[in-house]
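Reminder, nothing fancy here: chain letters follow the sequence lines and each chain counts from 1.
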Amino acid sequence: MSLSEVPHSAGGCPACTAAPAAEEIAAKAAVAGPQTIQLSLPTIHCAGCISGVERGLSGAPGVLDARVNLTLKRVRIEAEAGVTPEALIGRLDGLGYEAHELDSDALEATESDAVSRDLTMRLAVAFFANMNVMLLSVAVWAGAEDATRDLFHWISAAITIPTVMFSGQPFYRSAMSALRGGRLNMDVPISLAIILAVALSLWETALSGHHAYFDAALSLTFFLLLGRYLDQRTRASARSAAQELAALEVPRATRIDEGVETSVRVTELVPGDTVLVRPGARVPVDGRVVSGTSEIDRSLMTGESLPVFSGPDTPIHAGEINLTGPLTVEVQAAGQGTALHRIADLVAVAESGRANYNSLADRAARAYAPVVHLLALAAFLAWMWISGGDMRLSLNIAVATLIITCPCAMGLAVPAVTTAASGKLYRRGLLIKNGTALERLAEVDTVVFDKTGTLTMGLPKPQDLGALSTRDLEVALGLATASSHPLSRALSDTAAEAGVHPARVSDIEEVPGYGVQGTWRGERVRLGRAAWVGADAVPATATYLAVGAAAPQAIRFTDTLRPGADQAIAAFRKAGARIMLVSGDSPAAVGALASEIGIDNIRAEATPEDKAELVAELGETGHKVLMVGDGLNDTAALSAAHVSISPATALDAARVASDIVFLGRDFAPLGDALGTATQARKRIQENFAISTVYNVIAVPIALLGFATPLAAALAMSLSSITVSLNAMRIR
Amino acid sequence: MDVLVYLIPVSLFLGGLGLAAFFWALKSRQFEDPEGDSNRILTDDYDDAPKS
């Protein structure tokens with residue numbers, strides 16, 4: 001978009017009519033402090049967009065400041081109390097920018113930002129110190145002697161000690177917690193090597209010795225911090241994107257207080273309140289319908305693709321979608337008490353169970369750390385015996401061994417690869433939320449798909465419209481255009497595409513929960529539920545058309561297959577995985593889809609427990625299961641699976657339960673994900689092999705006492721660079 | 001070699017200055033939106049005077 005295309009005038013925008021109202025409210029509430037509003041701007045991409053949005057918002061009444069963040073595609077607005085996000089969104093809409101409200105609470109819930117900044121700071125300090133000490137060390141290696149060498153060593157010590165104390169803290173903390181838990185992790189040899197290297201060098205300097213390992217201690221800190229930083233940054237960017245998905249669903253509800261509608265946060269609702277659920281909206285609470293009739297889409301909760309009738313006294317649950325008529329609902333449980341939330345809590349428990357997965361890095365560390373410590377100890381004892389009790393020489397050799405074997409390359413081996421792989425998948429719309437998700441994905445041998453909303457788009461499409469006569473079709477279209485029910489919309493879209501002209505139906509009225517009726521050429525015509533129209537229900541998603549006294553006809557619908565689904569399935573097959581389709585929908589609907597894409601392993605009418613049990617059973621028999629699902633009925637299975645994926649359109653609970661979230665509509669990147677994961681695992685193993693080879697060469701040299709600080713620095717840098725370059729090959 | 005007496009402190013001081021500048025930039029959130037910053041130079045919004 002160029003600058004000239006940005007509409008600068010605010011004239012005629014929908015927000016202009018709303019603005020005076022906002023001004024009034026702002027004036028009324030001026031006593032209260034300013035508030036922060038965050039909006040997501042998915043379409044902004046250039047300098048023109050930035051100034052367009054910022055200027056447009058600054059001109060809005062009550063807005064104190066607006067700052068766009070193009071990296072995150074967000075705008076942060078400081079506004080006086082009383083300015084509503086809706087007014088600002090309307091204003092941006094009028095300027096041609098799509099905007100969505102973000103829930104500030106959900107955004108600020110995690111503090112990955114602070115951790116990231118903290119690590120950057122430590123990394124910068126380590127880098128600065130390392131460069132300066134290296135400079136002095138080069139002088140020593142080049143032949144500085146006596147007093148000059150001692151002076152350089154003392155200056156190095158003065159720089160190194162505070163740096164190591166500050167920058168090494170993440171390692172010490174992690175090592176301490178591992179030791180307290182009676183375990184060994186990679187950070188134990190790291191911490192030991194850093195601390196011992198500094199201590200020994202200080203001692204050597206005091207005795208004006210030839211060798212000091214200050215530069216080695218600092219390089220070690222710097223390279224390992226770099227690995228830690230890469231790891232953190234990859235995960236933080238995936239997390240902030242996932243967080244934004246959650247924040248996009250601002251939990252608001254319309255409460256009716258003695259006939260007056262007010263928009264409130266769902267957290268403010270208490271049992272006994274009455275809320276209004278408009279057609280097309282997601283039900284915010286668990287409760288009972290007081291008045292109104294409608295149809296409810298429960299596909300996200302149960303996997304059923306057929307809408308269910310809902311009228312007075314029927315129970316209704318948070319997460320379901322109201323389709324046709326407004327419903328007044330008495331709140332029975334809200335927020336944490338809803339069935340939706342209870343399931344989400346179960347998932348959180350299951351999640352922590354998966355944290356016990358042994359990553360490649362953990363396994364390597366567990367095998368490696370004891371060997372390193374024993375080797376250093378053996379070197380110390382052996383040289384004490386050989387040299388007849390020369391403490392200084394023995395300690396020097398032991399520390400050299402510890403520094404050389406210190407898993408510098410190992411610390412980089414995994415993060416360098418996962419950073420490269422996650423970055424590649426991120427560009428294809430896949431968010432890797434969990435650090436070990438890629439490793440686990442590479443092991444998968446069974447893939448379980450959910451149907452509604454996962455393999456299908458959840459968008460119905462009318463089947464064989466040709467079976468209807470043109471006359472009937474025109475009447476159906478005439479009725480369907482008057483309704484916003486998903487089936488009606490699908491019908492009118494498809495018919496309009498086929499070039500059908502709607503019949504002139506008069507006296508059209510929508511009967512919420514039942515259908516649409518009208519008069520056509522003096523006859524009553526109806527389009528809607530089977531019983532209401534007077535037809536026998538067919539075992540599929542369908543709507544029924546009755547024209548006058550003629551026999552009613554069924555118009556069947558099938559769900560549209562998600563684009564790229566067949567490619568993804570083909571990719572999984574090629575990798576040798578078994579494909580299964582498990583759904584809560586009827587056998588007919590599941591069977592039809594399965595035969596369309598060629599899956600023969602299906603299970604229909606599965607309850608959430610069935611799904612979880614199936615996945616758990618497969619896991620117990622030694623299969624590594626990948627679960628792909630989007631609904632609340634899938635969450636238990638998602639968290640029981642070895643690794644899980646959900647689309648961005650999934651319910652928040654399902655996304656939380658998944659390791660990987662994919663943002664696009666297209667399924668094709670899933671196949672790539674498997675390929676990239678396999679590739680990433682191979683690179684990680686290669687990296688471990690590289691660092692092992694390097695150790696095999698370096699350890700004997702250190703043990704024999706030939707290692708100098710120069711050799712240690714060279715070996716360390718070389719192995720770290722090789723490992724990083726190998727990881728880069730994944731792009 | 002007497003020059004080292006001046007040069008070493010000077011080099012440390014200059015390096016430290018760079019480090020301090022980096023800290024300041026990090027603390028004042030200048031690395032929050034790299035993409036936006038690289039685009040903002042193209043607009044002429046605050047060319048004459050900084051945003052107050």
Side-chain angles (χ1 to χ4, degrees), chain A residues 1-3 6 41 44-55 58 65-76 113-114 116-136 139 144-148 151-152 154-156 158-159 163 166 233 240, chain B:
Chain A
M1 194 193 280
S2 77
L3 274 171
V6 181
L41 305 163
I44 61 163
H45 60 277
C46 65
C49 306
I50 295 180
S51 51
V53 169
E54 286 184 354
R55 256 185 236 161
S58 305
D65 186 33
R67 176 93 187 171
V68 171
N69 186 326
L70 189 62
T71 318
L72 296 172
K73 295 196 190 295
R74 270 185 214 161
V75 60
R76 189 189 169 89
D113 249 28
S116 187
R117 211 172 312 143
D118 178 70
L119 267 182
T120 317
M121 201 93 94
R122 294 185 201 279
L123 190 66
V125 172
F127 179 74
F128 162 78
N130 196 10
M131 286 300 105
N132 280 288
V133 170
M134 233 5 137
L135 220 61
L136 296 168
E145 293 206 326
D146 306 327
T148 321
L151 174 71
F152 284 2
W154 279 119
I155 298 174
S156 299
I159 301 172
T163 307
F166 172 68
R233 216 190 45 180
S240 85
Chain B
M1 290 304 247
D2 292 345
V3 72
L4 283 179
V5 177
Y6 306 105
L7 281 186
I8 290 176
V10 164
S11 87
L12 283 178
F13 174 73
L14 288 178
L17 213 61
L19 190 69
F22 177 74
F23 272 11
W24 168 75
L26 197 68
K27 279 245 166 82
S28 57
R29 297 177 171 257
Q30 296 191 33
F31 294 92
E32 303 270 290
D33 182 16
E35 224 168 287
D37 292 338
S38 61
N39 271 290
R40 272 175 205 275
I41 55 164
L42 299 174
T43 67
D44 43 18
D45 283 2
Y46 304 109
D47 277 4
D48 299 327
K51 190 180 177 187
S52 52

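Of the atoms belonging to B:Ile8, it is side-chain heavy atoms, and not backbone ones, that fall under 4.5 Å from chain A. Looking at B:Leu26, both its backbone and its side chain come within 4.5 Å of chain A, counting heavy atoms on both sides. Interface remark: A:Asn132 contributes side-chain atoms only to the contact with chain B (heavy atom separation under 4.5 Å). Residue A:Ile44 does not touch chain B at all, counting heavy-atom pairs closer than 4.5 Å.
Across all their heavy atoms, A:Ala47 and B:Asn39 have their closest contact at CB-O, 3.1 Å. Looking at every heavy atom in both residues, A:Phe128 comes nearest to B:Leu12 through CZ-O, 4.1 Å. Residues B:Glu35 and A:Leu70 approach most closely at O-CD2, 3.8 Å, considering heavy atoms. In plain terms, the two heavy atoms of A:Ile50 and B:Gly36 that are nearest each other are CD1-O, 3.9 Å.
Sorted pairs that involve residues 15-26 of chain B and meet salt bridge (charged side-chain N to carboxylate O under 4.0 Å, His left out), not counting sequence neighbours, are lacking altogether. The stretch residues 15-45 of chain B participates, sequence neighbours left out, in these ring-ring contact (aromatic ring centres under 6.0 Å, His included) pairs: B:Phe22-B:Phe31.
Interface with chain B: from residues 120-127 of chain A, residues A:Thr120, A:Met121, A:Ala124, A:Val125 qualify, criterion being any non-hydrogen pair under 4.5 Å.
By the side chain to side chain contact (heavy atoms under 4.5 Å, CB included) test, A:Leu151 is found to be paired with A:Ile155, residues two or more places apart in sequence or in another chain being considered.
With rounding to the nearest 0.5 Å, the separation of CD in A:Glu54 from OG1 in B:Thr43 is 8.5 Å. Here the CZ atom belonging to B:Arg29 is positioned 12.0 Å from the CZ atom belonging to A:Arg67, to the nearest 0.5 angstrom.
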